Amino acid sequence: MTEKLNTGSHDLPISDELAEFMRTGWGPAAGTDPEPLPVAAYAAKRRARLAERFPGERLVVPSGVLVARSNDDDHRFRAHSAFAHLTGGQQPDCVLVIEPSGAARLFLRPRPPRSEGQEFYRDRRYGEFWVGHRPDLAEAEALHQIECVHIDRLPDALTGPARVLRGVDPSVDALVPPSGTADAELAAALSELRLVKDEWEAAELQRAVDATVRGFEDVVRALPAALAHPRGERYVEGVFGLRSRLEGNAVGYQSIVASGAHACVLHWIRNDGRLDAADLLLLDAGVEGDNLYTADVTRTLPLSGAYSPVQRQVYELVYEAQSAAIGVLRPGARFREFHETAMRVIGDGLVDWGLLTRAQADAGLHRRYTLCSSGHMLGLDVHDCARARAGTYLDGVLEEGQVLTVEPGLYLQPDDLTLPPELRGIGVRIEDDLVVTAEGARLMSSGLPRHPDEVESWMAALAG
């Protein structure tokens with residue numbers, strides 16, 4: 001069979017003499033005696049739990065495929081979170097198959113011997129000399145502690161009924177006819193499997209949070225230079241992005257670097273504005289660790305180093321709402337309770353300010369200024385477990401070991417005529433990551449101050 005290579009504009013014709021020369025004279029490849037991944041034992045337990053959920057059925061979970069950024073240049077690959085959770089793997093074009101017996105096999109594209117073919121030096125998508133080392137089958141089995149099979153054998157393994165995590169790999173979708181609710185049930189189960197974090201996951205999340213704290217410290221130290229730059233938001237984004245690459249895989253989501261009225265745009269990721277010392281800076285950013293667990297933290301900082309009276313007024317109301325919300329986190333509490341608690345504080349504050357009547361606040365009109373919910377589960381995805389059934393997540397109760405964010409905010413639009421002029425264009429969000437414990441919840445992001453006095457002191461110390 002003719003070898004199929006992914007070549008591009010960098011490819012040059014290969015003579016028979018060069019092809020023969022390239023096949024010989026190579027020593028042992030690096031990484032040929034790998035240790036098991038630290039997550040391997042935990043991943044095996046997760047696969048067993050998933051198999052118990054669907055006894056006697058075949059389950060198919062792909063890692064995903066490479067996606068072109070432009071022409072023949074691919075985006076950096078990031079494995080689907082469900083696949084990473086069940087295997088620890090991060091390679092493209094892999095497929096986990098859990099058989100009806102409960103046994104699991106990992107189908108993958110192994111590194112071919114250099115004595116066979118030209119892929120290793122000519123294939124720009126998969127070639128070892130183009131994109132780096134990947135394991136052969138024996139190495140993959142040692143890493144993942146699971147039977148590994150060449151991806152070319154996948155069609156033969158999917159000849160019967162199966163539940164498939166769809167929309168991840170088109171070639172896998174095409175191998176198994178859709179099963180409607182059965183596939184949707186698998187997607188929900190994969191999300192629900194991640195609702196409670198095991199000890200390894202909690203440690204990974206704490207590492208991501210700790211790196212994020214250091215990223216925020218980097219940003220505060222860099223503010224004088226960012227204030228002087230015409231694209232100060234981009235400067236801040238770059239500073240935090242450097243920390244994310246130094247200590248992890250990347251940022252866990254597109255950083256929101258929103259100065260002034262940009263903070264009223266919930267997902268401001270253009271980050272192309274200038275910084276003004278008279279404004280606030282809303283920074284929503286998180287480091288994604290090497291094992292793909294991400295932090296998600298927001299602070300709203302005074303670019304002058306001190307909040308003005310009106311900025312402090314808005315900030316303190318959000319701080320009180322967040323503190324009250326954190327106070328209700330405990331096993332058995334309804335998931336929605338912390339949001340409802342935060343919104344009661346916000347509503348009461350807006351009544352005290354004269355922006356709403358009591359009847360308007362009770363009718364939920366505060367949502368004009370808050371816009372969205374006050375938190376979500378956190379893990380491999382920044383909005384983790386999003387396909388879980390409502391009864392087990394949004395309408396469920398908290399359990400020990402769950403990790404979530406608490407992030408109330410006020411977004412006072414610059415053109416909102418219901419507001420006095422001095423409040424217009426102020427956006428404040430405070431977001432922290434917490435793990436539910438037997439006694440309540442532990443603040444994982446306690447390395448960053450929340451109270452406005454402490455924020456000012458922290459910034460002054462870093463500036464000094």
Side-chain angles (χ1 to χ4, degrees), residues 212 215-216 219-220 222-223 226-227 229-241 244 251-286 294-304 307-308 310-319 321-322 339 342-343 346 349-350 353 355 364-376 378 381-383 386 405-432 448 455:
T212 298
F216 274 72
V219 165
V220 172
L223 283 179
L227 281 159
H229 197 280
R231 283 190 168 184
E233 290 178 347
R234 291 273 171 94
Y235 198 108
V236 169
E237 180 182 11
V239 168
F240 188 87
S244 77
V251 291
Y253 52 96
Q254 295 295 316
S255 299
I256 298 169
V257 187
S259 63
H262 291 166
C264 299
V265 180
L266 292 178
H267 287 172
W268 175 262
I269 59 172
R270 280 185 258 170
N271 302 341
D272 59 0
R274 181 184 288 275
L275 305 185
D276 187 321
D279 288 336
L280 297 174
L281 172 68
L282 188 157
L283 175 60
D284 185 335
T294 185
D296 181 8
V297 177
T298 306
R299 288 295 182 267
T300 306
L301 309 173
L303 286 168
S304 67
Y307 297 96
S308 71
V310 69
Q311 289 169 351
R312 180 175 281 264
Q313 174 188 345
V314 178
Y315 187 98
E316 287 183 341
L317 180 54
V318 176
Y319 172 80
Q322 191 203 30
H339 169 68
M343 292 304 98
I346 293 284
L350 296 177
W353 293 358
L355 294 181
L365 272 61
H366 64 276
R367 292 182 61 182
R368 179 183 178 106
Y369 313 108
T370 61
L371 299 178
C372 67
S373 184
S374 301
H376 51 81
L378 183 68
D381 291 332
V382 66
H383 297 145
T405 72
V406 177
E407 52 170 318
L410 274 172
Y411 311 98
L412 309 178
Q413 302 297 331
D415 57 351
D416 190 339
L417 301 182
T418 69
L419 301 169
E422 65 272 17
L423 287 176
R424 296 174 195 164
I426 295 178
V428 172
R429 178 164 65 251
I430 312 170
E431 179 179 21
D432 284 277
L448 288 176
V455 170

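Sequential numbering from 1 along the given sequence is applied to the chain's residues. All of these numbers come straight from a predicted model, not from anything done at the bench.
In terms of modelled atom types and a separation under 3.5 Å, the side chain of Asp416 and the main chain of Thr418 share a donor-acceptor contact. Between the side chain of Gln311 and the main chain of Ala278, a donor-acceptor pair closer than 3.5 Å is present.
Residues passing the salt bridge (Lys or Arg N to Asp or Glu O under 4.0 Å) test with Arg234: none are found, sequence neighbours excluded. With sequence neighbours excluded, no residue satisfies side-chain hydrogen bond (donor to acceptor under 3.5 Å, both in side chains) with Thr300. For Arg424, there are no salt bridge (Lys or Arg N to Asp or Glu O under 4.0 Å) partners two or more places apart in sequence or in a different chain. Scored by the salt bridge (Lys or Arg N to Asp or Glu O under 4.0 Å) test, Arg299 finds Asp432 as partners (sequence neighbours excluded). Asp279 pairs by the salt bridge (Lys or Arg N to Asp or Glu O under 4.0 Å) definition with nothing, not counting sequence neighbours.
For Ala263 against Gly427, the heavy-atom pair with the smallest separation is CB-O, 3.6 Å. Annotation for Ser255 and Phe240: closest pair OG-CD2, 4.1 Å, computed over non-hydrogen atoms. In plain terms, the two heavy atoms of Leu275 and Ser259 that are nearest each other are CD2-CB, 3.6 Å. The heavy-atom pair separating Tyr253 from Ala295 by the smallest distance is CE2-O, 3.5 Å. In terms of heavy atoms, Cys372 sits closest to His339 at O-CE1, 3.8 Å. Across Pro408 and Val318, no two heavy atoms sit closer than the pair O-CG1, 3.4 Å.
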Where do Leu378 and Thr294 land on the side chain to side chain contact (heavy atoms under 4.5 Å, CB included) test, with the steps shown first? CA-CA 7 Å; Leu378 183 68; Thr294 185; 4.1 Å; yes
Stepwise side chain to side chain contact (heavy atoms under 4.5 Å, CB included) test for Tyr411 and Arg429: CA-CA 8 Å; Tyr411 311 98; Arg429 178 164 65 251; 2.8 Å; yes
Could you walk me through whether Val314 and Leu280 pass the side chain to side chain contact (heavy atoms under 4.5 Å, CB included) check? CA-CA 11 Å; Val314 178; Leu280 297 174; over 6 Å; no
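With rounding to the nearest 0.5 Å, the separation of CG in Leu317 from CG in Leu350 is 6.0 Å. With values rounded to the nearest 0.5 angstrom, Leu410 atom CG is found 4.0 Å from Ile346 atom CD1. Atoms CD1 and OG1, from Ile430 and Thr298 in turn, are 9.5 Å apart once rounded to the nearest 0.5 Å. In this structure, CG in Leu283 is found 9.0 Å from CD1 in Ile256, a value given to the nearest 0.5 Å. Residue Leu419 holds its CG atom at 9.5 Å from CD1 of Ile426, rounded to the nearest 0.5 Å.
Annotation: side-chain hydrogen bond (donor to acceptor under 3.5 Å, both in side chains) contacts involving residues 264-278, sequence neighbours excluded, comprise Glu233-Trp268, Glu237-Asn271.
The closest side-chain heavy-atom distance from Gln313 to Trp353 is below 4.5 Å. Leu281 has its side chain within reach of Leu223: a pair of non-hydrogen atoms, C-beta onward, lies under 4.5 Å apart. Side chains of Leu282 and Cys264 form no contact here, defined as non-hydrogen atoms less than 4.5 Å apart. The closest side-chain heavy-atom distance from His376 to Glu407 is below 4.5 Å.
Considering Asp296, Leu266, Val297, Val382 in turn, Asp296 is the only one that fulfils the side chain to side chain contact (heavy atoms under 4.5 Å, CB included) rule with Asp284.
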